[in-house]
Amino acid sequence: MKSKQLSEKLQSLPKTPGVYFHKNSKGKIIYVGKAAILRNRVRQYFQDSTKRTADPKTIALISEIFDTDWVEVDSEMEALFLEAELIKRYKPRYNILERDDKAASYVRIDRKSVAPSVTTTRRPLDDGAEYFGPYLNTWALRKALKYLRKVFPYSIHTTLPTRACLHYHLGLCPGPETNNYDQRAYKQNLAHLVAYLKGQRVAIINDLQREMKALAKDQKYEAAAKVRNQLKDLRSLSSQIIFSDKENLDLSKDHALVDLADLLGLPKPPRRIEGFDISHQQGTHNVASMVVFTNGVSDKSAYRKFKMRLPGNDDFGHMREVILRRVSDKNVKAWGVPDLLLIDGGKGQLAAALQALGEAGVNIPAVGLAKQDEQIVVKNQSSDTNLNLDIVKQLNATLEQSEDFSLINLPKSAHLIKLLQRVRDESHRFAVSYHSTLKLGAQKRSLLDEIPTIGPATRKKLLRTFGSIKGIQQARKDELVNVIGASKAKIIRQYLRK
């Protein structure tokens with residue numbers, strides 16, 4: 001239950017990045033969090049949908065919140081680093097509860113070394129290096145360091161290579177392995193990076209501005225321009241998106257996940273939904289796609305594509321094949337088990353997927369989404385789904401039932417149908433994209449690809465010299481011999497004559 005004071009505070013939350021502090025009735029900070037948009041993120045704790053989808057720890061946290069304060073910053077990146085500093089300072093109970101060696105990461109900088117490096121680690125050591133953290137969102141930390149490296153170039157080499165690395169040529173590494181290495185300038189640059197990690201952005205900007213003016217006054221215009229570009233990159237950090245897509249969930253997606261769980265009788269809202277689709281052209285270049293949505297948001301790094309082994313135009317057979325391959329021991333070990341499968345198609349495709357799950361002895365809830373009428377297809381009397389008729393009525397849906405399947409027609413404005421459409425459309429797009437890639441590759445093949453003993457280098461040389469297959473066919477024997485030699489010229493003339 002929100003107090004009147006807290007309700008008034010929630011109305012005044014700004015739409016800026018920042019760090020927020022949840023306090024209990026005694027005024028003690030019990031949780032520190034970061035936000036890309038404070039107004040959206042903090043209010044989520046007090047939404048009914050959040051309470052329904054939250055884990056027990058979050059529910060317990062919400063029940064203790066008596067007051068909330070916040071600090072505004074200029075960017076998500078600053079919020080990320082400030083959050084870590086404040087967690088270390090206040091040691092809030094609910095932040096400590098979610099920490100373990102696998103979750104927290106630290107930034108390690110060994111400035112005392114001759115060739116200092118900047119790396120991330122799970123376990124800080126007593127080795128004389130400086131450690132910054134802990135950061136609970138390792139993914140966001142690595143992304144932030146990637147942007148910071150453009151502003152403050154640093155080395156990641158714990159062992160120096162024998163020659164200049166690629167990052168040196170890209171301007172992202174000072175090149176301690178090269179003869180041009182300026183150790184003094186690099187350590188000064190690292191001092192600026194450390195200051196940024198400590199939240200001293202304004203001081204860094206003032207320092208760089210003074211340095212730029214001094215260089216310009218001494219007519220060192222090239223060095224001054226370099227500092228000017230560094231200042232420009234530093235200011236642009238405020239526009240970089242670091243964690244907003246992972247941190248701030250659209251409330252409509254929360255509602256959709258809750259409704260989906262209630263409709264299908266799932267024990268909890270599906271955290272990981274995988275969508276599958278098949279694409280081919282008259283039975284050729286058959287492919288399947290697997291897209292992943294985590295907490296209602298697409299996770300493109302987890303997408304997978306499959307080249308079908310079963311030939312011909314058989315959508316049901318291909319769906320059965322891809323699901324069998326998905327739930328193989330190898331892939332389950334590598335990717336885990338989803339909470340729900342969404343099959344792009346109707347009764348036939350869903351039946352094929354369920355058959356594959358049965359053959360593999362795997363229990364995963366699965367539904368289909370028919371293209372024509374956007375109907376949710378559910379198998380009756382399935383051990384993994386238990387259609388809730390009361391929820392069907394609450395969602396203003398209509399129901400068509402047969403002996404084996406139920407077809408649910410939801411209003412087009414329902415959050416649930418929008419979520420499933422996003423998953424289905426993304427799986428279709430990804431499948432068509434892969435199919436087009438294979439088809440284009442096949443179209444690029446030529447007669448030369450089919451000639452034995454003629455490799456890629458020879459084909460490239462012939463096309464560069466004669467321009468086309470027709471040009472090669474019309475070439476004289478001595479012209480071919482001059483380009484690729486007598487033996488290969490003889491093979492090509494014999495083959496192209498056919």
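Hydrogens, waters and symmetry mates are skipped; everything else that's a heavy atom, side chains included, is used.
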Please check if the distance between the ring centroids of Phe132 and Phe81 is under 6.0 Å.
no

Could you walk me through whether Leu350 and Val378 pass the side chain to side chain contact (heavy atoms under 4.5 Å, CB included) test, one step at a time?
CA-CA 8 Å; Leu350 178 59; Val378 181; 5.8 Å; no

Go through the steps to decide whether Glu359 and Arg320 satisfy the test salt bridge (Lys or Arg N to Asp or Glu O under 4.0 Å), and finish with yes or no.
CA-CA 10 Å; Glu359 291 176 20; Arg320 174 181 169 275; 2.8 Å; yes

Taking all non-hydrogen atoms of both residues, which atom of Asn286 and which atom of Leu310 are closest, and how far apart?
ND2-O, 3.9 Å

Set out, in order, the CA-CA distance, both residues' side-chain angles and the distance that settles side chain to side chain contact (heavy atoms under 4.5 Å, CB included) for Leu148 and Met77, then state yes or no.
CA-CA 9 Å; Leu148 283 171; Met77 195 176 297; 3.6 Å; yes

By side chain to side chain contact (heavy atoms under 4.5 Å, CB included), Arg201 pairs with (sequence neighbours left out) Asp74, Glu78, Tyr196, Ile205

Side-chain ion pair, Glu274 and Arg326, N-O less than 4.0 Å:
yes

When you look at Arg424 and Gln421, which way does the side chain to side chain donor-acceptor pair (under 3.5 Å) test go after all the steps?
CA-CA 5 Å; Arg424 190 273 315 278; Gln421 284 173 336; 5.8 Å; no

Nearest-0.5 Å distance, CD of residue Gln375 to CG of residue Leu399
10.0 Å

Is there a side-chain contact between Leu141 and Asn137 (heavy atoms, below 4.5 Å)?
no

Does the pair Asp69/Lys23 count as a salt bridge with the N-to-O cut at 4.0 Å?
yes

Are the side chain of Arg149 and the backbone N or O of Tyr154 linked by a donor-acceptor pair below 3.5 Å?
yes

Hey, could you give me the CZ/CE distance between Arg304 and Met290, rounded to the nearest 0.5 Å?
6.0 Å

If only atom types and distance count, is the side chain of Tyr186 paired as donor or acceptor with the main-chain N or O of Pro116 below 3.5 Å?
yes

Is there a side-chain contact between Ile30 and Phe21 in this structure, where contact means two heavy atoms from C-beta onward sitting under 4.5 Å apart?
no

Can you find a pair of side-chain heavy atoms, one from Leu193 and one from Ile109, that are under 4.5 Å apart?
yes

Checking the side chain of Asp110 only, and the main-chain atoms of Ser117 only, is there a donor and an acceptor separated by less than 3.5 Å?
yes

Given salt bridge (Lys or Arg N to Asp or Glu O under 4.0 Å), test Glu130 with Arg108 step by step and report yes or no.
CA-CA 6 Å; Glu130 294 174 271; Arg108 179 184 183 275; over 6 Å; no

Quick check against the 3.5 Å criterion: does Ser12 have a side-chain atom that pairs as donor or acceptor with the backbone of Lys9?
yes

Give the ring-plane orientation class for Tyr31 versus His22, where under 30° counts as parallel, over 60° as perpendicular and anything between as tilted.
parallel

Counting neighbours of CG on Asp127 that are heavy atoms of other residues, nucleotides or ligands and sit closer than 6.0 Å, is the number greater than 12?
yes

Sequence neighbours left out, what passes side chain to side chain contact (heavy atoms under 4.5 Å, CB included) with Lys347? Give chain and number order.
Val377, Ser402, Phe405, Leu407

Please determine whether side chain to side chain donor-acceptor pair (under 3.5 Å) holds for the pair Ser406 and Asn380, giving the CA-CA distance in whole Å, both sets of side-chain angles, and the decisive distance to 0.1 Å.
CA-CA 6 Å; Ser406 294; Asn380 294 336; 2.6 Å; yes

Shortest non-hydrogen contact from Ala79 to Gly18?
CB-O, 3.6 Å

For Glu64 and Asn24: C-alpha separation, side-chain torsions, deciding distance, then whether side chain to side chain donor-acceptor pair (under 3.5 Å) applies.
CA-CA 6 Å; Glu64 282 195 53; Asn24 62 14; 4.5 Å; no

Is any side-chain heavy atom of Ile65 closer than 4.5 Å to one of Phe46?
yes

Can you find a heavy atom in the side chain of Val73 that is under 4.5 Å from one in the side chain of Thr16?
no

Kindly check if the number of other-residue, nucleotide or ligand heavy atoms within 6.0 Å of NZ (Lys88) is above 12?
yes

With side chain to side chain donor-acceptor pair (under 3.5 Å) as the test, would you mind laying out the steps for Glu426 and Tyr303 before giving the verdict?
CA-CA 10 Å; Glu426 186 68 354; Tyr303 286 15; 2.9 Å; yes

I want to check something: taking the side chain as every heavy atom from C-beta on, are Tyr20 and Leu13 in contact at a cut-off of under 4.5 Å?
no

Which residues pass the side chain to side chain contact (heavy atoms under 4.5 Å, CB included) test with Phe316, sequence neighbours left out?
Asp314, Gln349, Ala352

Count the heavy atoms of every other residue, nucleotide or ligand shown that sit under 6.0 Å from CZ of Arg429, and state whether that count exceeds 12.
yes

For Glu400, which residues count as a salt bridge (charged side-chain N to carboxylate O under 4.0 Å, His left out) partner, sequence neighbours excluded?
none

Heavy-atom pair with the smallest gap, counting every atom of Ser289 and Phe430
CB-CD2, 3.7 Å

Quick check for you: to the nearest 0.5 Å, what is the distance between Lys198 atom NZ and Leu82 atom CG?
14.5 Å

Partners passing side chain to side chain donor-acceptor pair (under 3.5 Å) against His157 (at least two apart in sequence or in another chain)
none

For the pair His318 (side chain) and Val287 (backbone), establish whether a donor and an acceptor sit closer than 3.5 Å, ignoring hydrogens and angles.
no

Donor-acceptor pair, side chain of Asn95 and main chain of Val32, under 3.5 angstrom:
yes

Taking all atoms of both residues into account, what is the closest heavy-atom pair of Val423 and Val291, and its distance?
O-CG2, 3.8 Å

Shortest non-hydrogen pair, Phe152 vs Asn189, comes out as C-ND2, 3.2 Å

Does NZ in Lys187 sit with more than 12 non-hydrogen atoms of other residues, nucleotides or ligands closer than 6.0 Å?
yes

For a quick test of your reading: what N or O donor-acceptor pairs under 3.5 Å do the side chains of residues 389-396 make, sequence neighbours left out?
none

Pair Tyr131, Thr121 - check side chain to side chain contact (heavy atoms under 4.5 Å, CB included), show working.
CA-CA 9 Å; Tyr131 289 88; Thr121 182; 3.7 Å; yes

Asp233 versus Arg235: any side-chain heavy-atom pair under 4.5 Å?
no

Leu324 to Ala356 - nearest heavy-atom pair and separation:
CD2-O, 3.4 Å

What I want to find out is whether Arg325 reaches Glu321 closely enough, with some N-O distance under 4.0 Å, to be called a salt bridge.
yes

Is there a donor-acceptor pair closer than 3.5 Å between any side-chain N or O of Asp339 and the backbone N or O of Arg272?
yes

Are Ile417 and Leu369 packed together at the side-chain level, in the sense that at least one heavy-atom pair is separated by less than 4.5 angstrom?
yes

